[in-house]
Amino acid sequence: MVWTSRVCFRKYGNFVDNIRLYVRGGSGGMGLPRLGGFGGNGGDIWVVAKKDITLKQIKDKHPNKRFTAGVGSNSSIHALRGAKGEDSQVFAPVGISVTTDDGRILGELNCEGDNLLVAKGGHGGSLHSGFLPSKGQTRQIRLDLKLIADLGLVGFPNAGKSSLLTALSHAKPRIASYPFTTLRPEIGKVMYDDHKQVDICGFQLASNTPFRSAFETVLLLNKELELYNEELLGKPAILVINKMDLPEAQGRLRELETHLENQEESSHLFPEDVIPKSLMRFTHVVPVSATTGLGLPLLKSLIRQSLEEQNIIETDGQRSERLLKLRREIPTSSIPSWGFSQPT
């Protein structure tokens, strides 16, 4: 599960993040040899970024996924220069990249109104072509939604991830009081005023499986992430303690906080296969209740703060990387030595 202002998946339920289209520019019109008339050029095909459009809507409206532009008019005694064929527009969501079948990038549409020529119409017949027209350009193209998750929500079944996602965003995942309710990834969008877009009781999958305390649950999630991709452990993390509306929550929260303050020592109380090689460090520990709304404003604020801090770090790192690259590219002999004495 992920809550996000931008997130990337293939196709789950009603969500589609990429689509393959056949596009063909219109053929040109015939020239008129005896009068030297020019045939009209064929129409072009453009992909145009438009708000409130989804790739699924394109797929549903055009099930054959074929787009063809109009044919240029033939030259005639009434119109020696034939009219250009009608262009065809493919309206697509903002924030897509357009590529050919072989992976070559044709362009990106990042703002509403951005447009990209994807198939050019053929030329009309003229003296240079013996008054014969040419066919329009034919292509298979891909539209890929450029969505990147700002942050991910990780937790064991029935920990309240869907409830928290619903409370924080406009997502409407299915919620029920049994494990594995959510069968497909859910997407949420957390909105802020400026329009920028773990269960405290522990975890027990079934009655015949061992009960895990909240701290052991944290260790297990840490271990799962480590086994999946150790790089994830280096990312900023906020520990969200859900279900704080339960009667025993405060006592268990104090117990968890004690363990978190002494992770190395406390982790030795558990089997070796549970203990990760490196322990995650959380920037914040936030008690919340997705049911009552307790702690959610603070959580949203800390999420925003964490994302902005990470953006600053990444920006500074990119600047430093470019500076180092520039220094490597400049020969030492070309660096000015103003203010230093030169050897005689």
Side-chain angles (χ1 to χ4, degrees), residues 1-7 149-183 185-205 211-222 224-225 232 235-263 266 279-310:
M1 271 65 64
V2 174
W3 79 73
T4 161
S5 59
R6 298 188 302 168
V7 69
D150 287 321
L151 59 143
L153 187 58
V154 182
F156 282 105
N158 215 32
K161 299 183 296 298
S162 294
S163 298
L164 183 59
L165 182 64
T166 300
L168 285 171
S169 71
H170 298 293
K172 296 180 180 179
R174 182 183 177 191
I175 298 173
S177 59
Y178 53 84
F180 305 110
T181 312
T182 307
L183 301 179
E186 296 289 345
I187 302 161
K189 186 173 184 179
V190 179
M191 296 298 293
Y192 292 92
D193 290 339
D194 61 359
H195 303 292
K196 184 173 177 178
Q197 312 186 318
V198 179
D199 182 358
I200 189 59
C201 293
F203 171 69
Q204 186 175 23
L205 180 60
F211 172 80
R212 311 287 189 182
S213 68
F215 180 65
E216 190 175 3
T217 300
V218 172
L219 289 179
L220 284 168
L221 289 172
N222 191 159
E224 290 283 345
L225 291 173
L232 293 175
K235 293 185 175 294
I238 297 174
L239 180 59
V240 182
I241 314 298
N242 194 22
K243 302 187 182 179
M244 288 302 298
D245 53 294
L246 299 179
E248 67 273 31
Q250 289 298 330
R252 294 192 178 187
L253 176 61
R254 288 192 292 271
E255 178 185 339
L256 173 60
E257 288 174 336
T258 300
H259 285 307
L260 290 173
E261 290 171 2
N262 305 277
Q263 283 199 67
S266 298
L279 296 168
M280 292 183 69
R281 301 296 176 185
F282 301 102
T283 56
H284 302 281
V285 177
V286 189
V288 305
S289 169
T291 301
T292 67
L294 171 71
L296 296 186
L298 174 61
L299 177 58
K300 288 180 69 173
S301 175
L302 292 174
I303 289 170
R304 174 70 175 267
Q305 177 184 324
S306 179
L307 290 173
E308 289 177 346
E309 288 174 351
Q310 189 65 15

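The shown structure was predicted, so the numbers you read here are calculated from the model rather than taken from an experiment.
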Can you check side chain to side chain contact (heavy atoms under 4.5 Å, CB included) on Q250 and R254, steps first, answer last?
-> CA-CA 6 Å; Q250 289 298 330; R254 288 192 292 271; 4.0 Å; yes
Interatomic distance, CD@E248 vs CG@L253, rounded to 0.5 Å, equals 12.0 Å
Minimum heavy-atom separation for D245 to S289, with atom names?
-> OD1-OG, 2.9 Å
Check the pair L239, L260 against side chain to side chain contact (heavy atoms under 4.5 Å, CB included), reporting the backbone distance first and the verdict last.
-> CA-CA 11 Å; L239 180 59; L260 290 173; 3.6 Å; yes
If you look at every heavy atom in T258 and N262, which pair is closest and at what distance?
-> O-ND2, 3.0 Å
What distance separates E308 CD from I303 CD1, expressed to the nearest 0.5 Å?
-> 12.0 Å
Work out which heavy atom in N242 is nearest to a heavy atom in A290; give both atom names and the distance.
-> OD1-N, 3.2 Å
Beyond-backbone contact of V286 with I238, side-chain heavy atoms, under 4.5 angstrom = yes
Shortest non-hydrogen separation from P287 to V285 and the atoms involved | CD-O, 3.6 Å
Drop me the distance from E309's CD to S306's OG, to the nearest 0.5 angstrom.
-> 6.5 Å
Contact check, side chains of M280 and L225, non-hydrogen atoms, under 4.5 Å | yes
Shortest non-hydrogen contact from L294 to M244?
-> CD2-CB, 3.9 Å
